[in-house]
Amino acid sequence: MTQATRDWWRDAVIYQVYIRSFADGNGDGEGDVAGLRDRLPYLRDLGIDALWINPWYPSPLNDGGYDVADFRDIDPRFGDLAQAKALLDEAHGLGLKVLLDIVPNHSSWDHQWFKEALAAGPGSPERARYVFRDGRGSDGAEPPNNWRSVFGGPAWERVTEADGTPGQWYFHIFDVSQPDFDWENPEVKAEFLDILRFWFDLGVDGFRIDVAHGMVKDMNGPDLPYDESGLLDRPSIADHPFFDRDGVHEIYRGWREVADSYDPPKLYVAEAWVEPAARLARYLRDDELHSAFNFDYLKSSWTAADLRRSIDDSVTVLASVGAPATWVLENHDVERVVTRYGRGVTAAGAGHAGRVSGPVDVELGTHRARAAALLMLALPGGAYVYQGQELGLPEVLDLPEESLQDPVWERSGRTERGRDGCRVPLPWAVDGSSYGFGDGSAWLPQPSGWGERSVEAESGDPASMLSLYRSALRLRRSIPADEPLSWLPSSADDGDVLAFQRGPGFACVVNLGAAAVELPAHREVLLSSGPLDADGRLPADTAVWLAV
Ligand code: NOJ
């Protein structure tokens, strides 16, 4: 096997499929495997290398499927295992790899193990698979400590024991319906190794790991200092009792052995909201995970200084462990980039807490998002594209309250609307009851005019975001993958321009300032996110790829 075959992921563009909102094959209003299979040729033509599919397991969908009731099956609303196998075969036939999403920190409260834990009672082996503790106070009515859920409210829930008396408390970092596993328990470790093998044997090429910095906890850790005004912000402290603990690395060494036992080896991508970059690099050591989302880049503001710092940090720190950099602007948890870059404040906060408010100039945001796409796709390493990003979809900010499904909405006391606005079903056609998403309606209401940003509308328009992504993804293949980034002099530290070469023949220039700038000497403009001005200069918020 050549190195290239082994390491396809090092410079891959991975497309995120939020399956419930991608394409509805059976007309029930929710996306499914059938819809995804129908649209595989679209993804092949877009020019991506792999898909990552958000959780499709049986689930009550209290947290969009991150509340898994059975890790070895598919929710009937999305399809079944036979369809999954057909999808894998078809994707592979088109040259696309497929990653799934594994959720090892917690299960749904509908999982068989949790039901057994409730029935078996305190001290039982069934309860020891989760984190149960007695409460504080003489009658145990106080939670074991003051830790808060990431979605708001306490991270502890009291159960009623089988005899009807108030009982122990279980720990949940996320929703009350997502009890945390106890990763000290060997049975939990063995179970997940088996789940990995189950999907790898079916033909899955790898996993995105949910909350990869969770799992290991110090349940004797102290009470934490919470700022109630930032309900969803977790305290940023060293030696956090349930995030980024050293013990998690031993788990990943075991997972890596499983991945490497396949030919070709399987891939792991970490969703780890850890800082600084050096902490993230620890997950990507030789015998651990392969790659991680670069959330520092996602959170950066649309300024040359911030982006340049993030790019330099990522490239340098990840190179120290031999891992490629990755670039990401959107996912199903954060505000869409067209909207974020159209605000006065363009930086994002972490994860679920990352939303800012204020007026939005969608036209400006779109302009910047186009430039950002060319910047991201010219950088060395891998990149992620969240479904609809290639259409330039904005965040839907005015979903009716009664349609909101994200648990953040209720758990924050209806003060945070949550993440539904980036999960609105895709428009495939200009018209139709759900703009081609399916034959019926869509599980979240699509705004009027959604069809103007549909695949159908944008396919025929050379100036559309979709046409830009298609061209960039095609041209990207000729950027020499092994050539590192070298900054050009016009990219002065305090300047508003980012300009770099990848090898002797290719350059990318991005103007983040207010005034047009001269381009460096070049042979040809390969691609531009917007027109140059009459003097051939690069206008504000515009990027070009140059043959130099
Ligand atoms: C991260 C996922 O991306 C998010 O959607 C989910 O709510 C949490 N993990 C909990 O699983």
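Both counts, for ligands and for their atoms, begin at 1 and track the order of listing.
Within ligand 1, counting atoms from 1 as listed, the ones closer than 4.0 Å to a heavy atom of His106 are 10 (C), 11 (O). Near Arg208, the atoms of ligand 1 lying under 4.0 angstrom from a non-hydrogen atom of the residue are 2 (C), 3 (O). Remark: ligand 1 atoms within the under-4.0 Å shell around heavy atoms of Arg419 are 4 (C), 5 (O), 6 (C), 7 (O). Against a heavy-atom cut-off of under 4.0 Å, Phe174 is close to the following atoms of ligand 1: 8 (C), 10 (C). Interface of Arg423 with ligand 1, defined as ligand atoms under 4.0 Å from a residue heavy atom, comprises 5 (O). Taking a cut-off of under 4.0 Å to the non-hydrogen atoms of Phe151, the atoms of ligand 1 that pass are 7 (O).
Looking only at atom types and distance, the side chain of Ser177 has a donor-acceptor partner in the side chain of Asn62 under 3.5 Å away. Side-chain atoms of Tyr57 and Asp101 include no donor-acceptor pair closer than 3.5 Å. There is no side-chain donor-acceptor pair under 3.5 Å between Glu288 and Tyr268. In this model, a donor atom of one side chain and an acceptor atom of the other lie less than 3.5 Å apart for Gln168 and Arg127.
With sequence neighbours left out, Arg72 forms a salt bridge (Lys or Arg N to Asp or Glu O under 4.0 Å) with Glu191, Asp194.
Across Leu193, Asp73, Leu81, a single residue satisfies side chain to side chain contact (heavy atoms under 4.5 Å, CB included) together with Phe198, and that is Leu81.
Compare Val211, Asp67, Asp210 by their heavy atoms: the one nearest to atom 1 (C) of ligand 1 is in Asp210.
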